[in-house]
Amino acid sequence: MKLFERFPVTVSNSLGGQKETFKPLIEGFVGMYVCGPTVYNHVHLGNVRTFLTFDIISRYLRHLGFKVRYVRNITDVGHLENDADDGEDKIAKKAKLERLEPMEVVKNYTEGFHEVMRQFNILPPSIEPTATGHILEQIEICKKLLDAGIAYESNGSIYFSVRTYNQLQPYGILSGRNIEELMESGRDLDAQDEKREKIDFALWKKASPSHIMRWNSPWGPGFPGWHIECTVMSTKYLGETFDIHGGGMDLKFPHHECEIAQASAANGKPPVRYWIHSNMLTVNGQKMSKSLGNSFLPAELFSGNHPLLSRGFSPMTVRFFMLQSHYSSTLDFSNEALQAAEKGYRRLFNALLALKALKATGFAETSSATGAGLASLADDCYKNMSDDFNTATTLAVLFEMSSRINDLHAGVLKTSEITESDFKKFADTYIMMMEDVLGFLPEQQEGSAHLKGAMDVLISLRKKAKADRNFQLSDKIRDDLKSAGIQLKDGKDGTMSWEAE
RNA sequence: GGUGCUGUGGCCGAGUGGCUAGGCUGAGCUCUGCAAAAGCUCCUACAGCGGUUCGAAUCCGCUCAGCACCUCCA
């Protein structure tokens with residue numbers, strides 16, 4: 001029996017708003033698409049939260065035994081800076097400002113993005129396609145929508161007619177909007193506008209002579225519209241209908257709504273079975289965003305070099321901090337919360353080290369309530385993770401498990417009280433949840449061989465001093481090391497260990 | 001104005017109608033030569049007002065407060 005059969009996964013589907021049992025289209029296989037970053041600037045922590053959410057989802061689904069194809073795109077063209085009238089996209093604008101080639105900008109920020117992902121131990125997707133690598137497919141789908149009469153050409157640009165689409169099937173099913181209301185709100189079309197109606201959106205934009213990112217098309221030189229790349233790439237690599245589409249909450253409308261419309265119109269079927277949206281990271285109750293100027297760059301967070309931070313915090317502290325809340329809730333960012341997370345994370349991780357160091361022998365022959373309790377904690381991890389990837393409740397179980405690990409470590413709880421199979425289930429689950437599913441890594445790098453050797457010398461000196469009841473010396477060794485940032489810990493049986501802070 | 005969401009103890013933050021979430025902080029105890037680490041215990045809350053129910057933080061209504069989206073944004 002596969003793990004995904006023992007612990008069936010439920011997901012909150014943004015389409016419909018209900019929690020549903022997750023059943024992939026093809027049993028045992030999962031296709032997942034997540035909207036990736038626009039690489040015209042540094043990623044900030046809000047972006048990181050979204051990618052972390054889907055990192056956890058893909059890790060857990062794989063852990064359960066699904067074969068997951070995870071596609072996350074790089075948007076290196078196409079998102080307009082202000083509105084369609086400006087005819088200039090973000091990448092091109094930045095490039096002009098910096099006097100760089102557009103692809104140079106893209107390369108620079110893509111590398112930076114990957115570096116940040118590595119720092120947070122967010123695993124790479126299976127496929128990371130780029131918009132510029134799929135221009136032909138985007139032109140093809142434009143043709144298809146033109147042929148179907150749902151798109152129209154206007155002065156070298158192609159627009160999607162939302163009203164025409166809406167006559168065939170309802171527009172707005174994801175965000176709960178109807179086009180009449182949309183027509184009443186927002187900015188009105190001006191005289192130069194090429195769109196027939198303001199709710200229409202661009203599939204292909206004509207490039208002005210000064211526009212430096214341009215490709216030839218049947219309608220003249222231009223570049224792809226805002227939403228079409230995701231439809232093209234998800235269809236190409238996952239099929240016309242696939243299992244999971246994810247992204248930040250702020251993409252729900254209009255981006256994902258438009259994706260549904262385009263794909264449904266082009267392929268005659270809904271593209272996605274489960275929509276998952278991760279919520280926003282906030283600072284003092286307000287959404288973290290570039291435009292509000294309250295965003296943190298990962299580098300600022302690590303160094304503490306930011307007006308809102310009292311000091312720096314490590315990537316794993318932040319990872320833990322983010323996983324303490326559910327992805328569908330907003331999460332508020334503060335110094336106090338990060339400090340609490342730092343301590344909590346250290347506790348969990350020290351228990352992991354203690355568990356790995358545990359010499360577990362002499363197990364019980366017959367099962368006991370204690371052992372069964374440990375084994376059921378392992379099941380609780382899976383139950384919580386399978387319940388809409390609830391990392392917050394899973395962490396609560398892991399804290400409970402860490403206390404039991406410390407009991408084993410201290411000898412309060414003895415392996416002779418539990419069977420080997422109960423212990424193995426307990427221990428394996430703790431390790432796999434921590435490392436494989438939640439993706440935690442050691443905080444400080446292992447000390448050099450020289451440091452370890454020197455610490456061995458100091459520890460043996462201190463042991464000698466203690467044996468001689470020369471507490472003045474033994475305390476000095478401990479206190480001086482403490483002020484040098486190394487904490488000595490005395491074990492129950494006279495052993496000593498140390499931890500760099 | 002439209003659409004949706006939230007309001008939980010000192011702080012952060014889970015909560016599928018009935019059993020202690022959890023973390024951090026604080027207090028106490030155990031262990032320890034003394035500490036640290038660790039274990040145990042305590043501080044036990046659900047914005048307000050009504051309603052449904054044997055029973056509601058959880059469902060319904062109203063009020064208040066806040067947030068997000070409706071324009072590029074994870």
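A, B, ... follow the sequence lines: proteins, then strands. Residue 1 opens every chain.
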What's the gap between B:G9 and B:A45 when it is taken at their C1' atoms, as a whole Å value? 4 Å
Look at the side chain of A:Lys287 against the base of B:C67 and say whether a donor-acceptor pair falls under 3.5 Å; ignore hydrogens and angles. no
A:Tyr70 side chain to A:Asp55 side chain, donor-acceptor N/O pair below 3.5 angstrom: no
Taking only the P atom of each, what is the distance from B:C11 to B:A47 in whole angstrom? 14 Å
Neighbours of RNA chain B within residues 122-130 of chain A, by heavy-atom distance under 4.0 Å: none
Can you check whether A:Phe7 reaches A:Asp379 side chain to side chain, under 4.5 Å on heavy atoms? yes
Touch class at under 4.0 angstrom, heavy-atom based, for A:Gly46 against every strand present: base
Among B:A38, B:C12, B:C70, which is the nearest nucleotide to the side chain of A:Ala337? B:C12
Which pairs, protein N/O on one side and nucleotides 2-7 of chain B N/O on the other, fall under 3.5 Å?
| unit_1 | atom_1 | unit_2 | atom_2 | d |
| --- | --- | --- | --- | --- |
| B:G2 | O2' | A:Glu181 | OE1 | 2.7 |
| B:G2 | N2 | A:Arg177 | NH1 | 3.2 |
| B:U3 | O2' | A:Ser175 | O | 2.9 |

For RNA chain B, report each stem as range with range, ordered by first number, or say none. Use Watson-Crick or G-U wobble pairs under 3.5 Å, at least 3 in a row. B:1-7 with B:64-70, B:10-12 with B:22-24, B:26-30 with B:38-42, B:47-51 with B:59-63
Atom-to-atom span, CD of A:Gln324 to C1' of B:U25 - whole angstrom: 14 Å
Could you pull out all residues at least two apart from A:Lys343 that satisfy side chain to side chain contact (heavy atoms under 4.5 Å, CB included)? none
Encode nucleotides 30-35 of chain B as B, S and - characters from 5' to 3', where the letter depends on protein heavy atoms closer than 4.0 Å: B to the base, S only to sugar-phosphate, - to neither. -S-BBB
Check for me whether the distance between the ring centres of A:Phe333 and A:Phe296 falls short of 6.0 Å. yes
Atom pairs, N/O to N/O, protein against nucleotides 40-43 of chain B, distance under 3.5 Å?
| unit_1 | atom_1 | unit_2 | atom_2 | d |
| --- | --- | --- | --- | --- |
| B:C40 | OP1 | A:Arg404 | NH2 | 3.0 |

Do A:Arg49 and A:Phe321 come close enough that some side-chain heavy atom pair is under 4.5 Å? no
Given A:Ser12, A:Ser14, A:Ser328, the one that forms side-chain hydrogen bond (donor to acceptor under 3.5 Å, both in side chains) with A:His277: A:Ser14
Considering only heavy atoms from C-beta outward, does the side chain of A:Tyr171 approach that of A:Cys258 to under 4.5 Å? yes
Applying a 4.0 Å non-hydrogen cut-off, can you work out what A:Leu338 is touching in the nucleic acid: base, sugar-phosphate, or nothing? nothing
Closest approach to the side chain of A:Ala340, judged atom by atom: which nucleotide of B:C73, B:C24, B:G22 is it? B:C24
The nucleotide from B:U25, B:G39, B:A74 with an atom nearest the side chain of A:Lys343 is B:U25
Could you check whether any side-chain N or O of A:Asn13 sits under 3.5 Å from a backbone N or O of A:Leu15, counting only pairs where one atom can act as donor and the other as acceptor? yes
Please classify the nucleic acid contact of A:Met280 as base, sugar-phosphate, or nothing, using heavy-atom distances under 4.0 Å. base
Contact between A:Tyr40 and A:Asp76 at the side-chain level, heavy atoms closer than 4.5 Å - yes or no? no
Under 4.0 Å, counting only non-hydrogen atoms across every strand here, what does A:His326 touch: a base, just sugar-phosphate, or nothing? sugar-phosphate
